[in-house]
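Here the structure comes first, spelled out in structure tokens, and everything after it is commentary.
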2 protein chains.
Amino acid sequence: MPVRSATKKSNIVRVSPEDASAVHGAQTLVQKAFLAVTNHIRVEKLKVGDRLPSEKSFADMLGVSRAVMREAFGALSALRLIDVGNGRVPRVRAMDGLALATSLDHAVNTAQITVLQVWDVRRTIELRTAVLAAEHRTDAEAEKIMYHAKAMRTHRKDFAVMAQHDFELHHAIAQASHNILFAQVVSSFSDLMTVSLPLAWATRNTAKERTVVLERHEAIAEAIANKDPEAAMLAMDSHFDGSVQNLLNAGIK
Amino acid sequence: MPVRSATKKSNIVRVSPEDASAVHGAQTLVQKAFLAVTNHIRVEKLKVGDRLPSEKSFADMLGVSRAVMREAFGALSALRLIDVGNGRVPRVRAMDGLALATSLDHAVNTAQITVLQVWDVRRTIELRTAVLAAEHRTDAEAEKIMYHAKAMRTHRKDFAVMAQHDFELHHAIAQASHNILFAQVVSSFSDLMTVSLPLAWATRNTAKERTVVLERHEAIAEAIANKDPEAAMLAMDSHFDGSVQNLLNAGIK
DNA sequence: AGCATATAACCTGTCATACAGGTTTGTATA
DNA sequence: TATACAAACCTGTATGACAGGTTATATGCT
């Protein structure tokens with residue numbers, strides 16, 4: 001659905017794999033409708049929560065059937081650009097990590113990328129979010145991060161609860177970066193974490209090994225509380241060293 | 001469309017903004033159909049290019065109308081998970097950066113994030129791809145990178161051509177990282193580059209300023225050719241320092 | 001047997017119509 | 001002013017029909 005719009009197809013060629021619609025010919029009406037909506041959002045300078053015209057209104061304006069418009073809205077919704085629901089007016093949606101999460105999940109399932117490759121990207125991102133959090137966190141954010149780190153230790157006998165705090169710790173750090181793009185990217189890893197975390201945890205056979213994991217999380221929180229970007233980065237890096245090792249031990253590629 | 005599937009809704013709660021369908025109730029048939037397709041891909045262990053059942057087949061199997069299935073396929077296509085087209089059988093698609101690019105474009109247009117924030121994420125990613133390229137590049141890849149860097153200088157009087165090589169240089173570096181997720185993420189920045197590159201370039205008023213830009217690109221290529229990860233990272237960092245400054249000079253936030 | 005062509009089967013894209021059911025807005029009343 | 005109800009609006013689903021492109025199979029020729 002997302003296609004290269006005519007207005008953007010300057011002599012600068014996009015450096016991604018060839019676009020299927022370019023290879024196979026004209027844009028479908030659905031694709032055109034999709035662009036009409038995104039153009040509307042841009043031209044009207046709409047913000048999150050602002051109303052959009054309904055399916056029917058757009059269909060009338062564009063001279064297409066309602067079915068075409070529905071499909072365009074469906075695609076926009078799939079990409080989380082708009083929010084639609086039975087009986088409700090369509091609105092501009094806040095970005096969330098779900099589109100990227102879905103892509104990642106699919107890419108891993110179809111053997112395009114490995115979990116370890118995702119983890120390399122994840123490490124790259126999260127080292128940076130740790131640094132930014134140490135530089136930009138509010139006191140409340142630092143406390144929240146520390147709370148989740150300690151809660152992991154408190155609940156280490158209950159994997160599900162501990163894992164929840166693990167998630168929330170990473171998320172809180174990304175939020176404390178004060179760049180929501182980082183936060184959404186980090187959020188997009190959570191599906192894969194849901195699958196790999198239990199496997200990795202199962203490879204930590206001794207209380208000592210498990211304690212090291214907890215200590216690493218606490219060290220990250222400590223560095224952020226201390227506003228020490230360097231320490232935060234090193235602590236997060238150590239955490240990922242361990243995490244990747246556990247994945248390898250679990251046979252995850 | 002992408003929704004939390006029932007099988008994944010363990011007691012581990014996803015740490016992203018609340019899912020609209022969870023707030024508003026049951027999944028639509030389209031959402032269910034979407035998941036049926038993604039499940040099919042996973043269970044059958046399909047790979048890129050493998051055939052999928054047609055709209056009609058899925059509709060029959062799932063007991064839904066073809067219209068529902070069309071919408072589900074449309075959503076899957078929007079996210080680049082499958083490839084569909086008039087007369088052709090549906091197939092599993094290779095990930096490309098287009099879904100993420102669309103998200104980024106939308107987020108910037110709706111003032112959710114700023115171009116500078118995207119550039120911070122971009123810098124984070126591209127410092128890492130420079131390092132990986134220095135470590136993992138093939139000779140052919142190193143030559144390609146150098147070719148594009150030199151071509152930028154050769155064509156500095158023709159902005160469009162120079163910018164094309166600029167794009168391709170960044171893309172080639174990401175490809176040389178040998179982690180396609182990095183490559184796709186880098187690819188997803190190209191739309192925003194299309195818009196911001198001319199603006200930034202226009203702020204470089206003297207031949208000297210423009211030469212510095214070219215030298216920075218060449219320095220990156222040199223470091224990668226020399227298999228020097230540290231130099232590659234520093235060179236890319238300098239490049240971004242200049243790039244961000246140019247954006248600021250251009251009044252881009 | 002190999003190649004070219006025609007045909008059949010298959011597939012997506014679009015439109016129109018109808019109905020179900022939920023949400024939001026406007027109006028009337030206490 | 002607050003509440004209740006009705007009207008208007010909106011999405012979700014189904015069905016049937018037609019247009020037109022792609023792919024697989026059958027047939028004919030060398």
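Throughout, protein chains are lettered first and strands after them, A, B, ... in sequence-line order, and every chain is numbered starting at 1.
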> What about A:Asn86: does its side chain form a donor-acceptor pair under 3.5 Å with the base of C:dG21?
Replying inline: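 It does, because a donor-acceptor pair links the side chain of A:Asn86 to the base of C:dG21 below 3.5 Å.
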
> Has the side chain of B:Arg88 got a donor or acceptor atom sitting under 3.5 Å from an opposite partner on the base of C:dG13?
Replying inline: no

Over how many whole Å does the gap from [X] atom [atom1] to [N] atom [atom2] extend?
X: B:Phe34; N: D:dT13; atom1: CZ; atom2: P; value: 15 Å
X: A:Lys32; N: C:dG13; atom1: NZ; atom2: P; value: 14 Å
X: A:Leu62; N: C:dC15; atom1: CG; atom2: P; value: 11 Å
X: A:Gln31; N: C:dG13; atom1: CD; atom2: P; value: 8 Å
X: A:Asp60; N: C:dC15; atom1: CG; atom2: P; value: 12 Å
X: B:Phe73; N: C:dC11; atom1: CZ; atom2: C1'; value: 10 Å
X: B:Leu52; N: D:dT22; atom1: CG; atom2: P; value: 19 Å
X: A:Met69; N: D:dG12; atom1: CE; atom2: C1'; value: 16 Å

Would you say a side-chain N or O of [X] is under 4.0 Å from OP1 or OP2 of [N]?
X: B:Arg91; N: D:dT23; value: no
X: A:Arg70; N: D:dG12; value: yes
X: A:Ser54; N: D:dC10; value: yes

>> Which is more 5' along DNA chain C, the nucleotide nearest A:Leu29 or the one nearest B:Arg51? Just name the residue.
In response: B:Arg51

>> Can you tell me how far apart CZ (B:Arg93) and CD (A:Gln112) are? Round to the nearest 0.5 Å.
In response: 11.0 Å

>> To the nearest 0.5 Å, what is the distance between CD on B:Glu168 and CD on B:Gln175?
In response: 11.0 Å

Which listed nucleotide ([options]) is nearest to the side chain of [X]?
X: B:Pro90; options: D:dT11, D:dT15, C:dC11; answer: C:dC11
X: A:Val68; options: C:dG13, D:dA14, C:dC15; answer: C:dC15
X: A:Val64; options: C:dC15, D:dA14, D:dC10; answer: C:dC15

Quick one: do the [X] and [Y] side chains pair a donor with an acceptor below 3.5 Å?
X: A:Ser187; Y: A:Ser190; result: no
X: B:His136; Y: B:His178; result: no
X: A:Glu141; Y: A:Thr138; result: yes

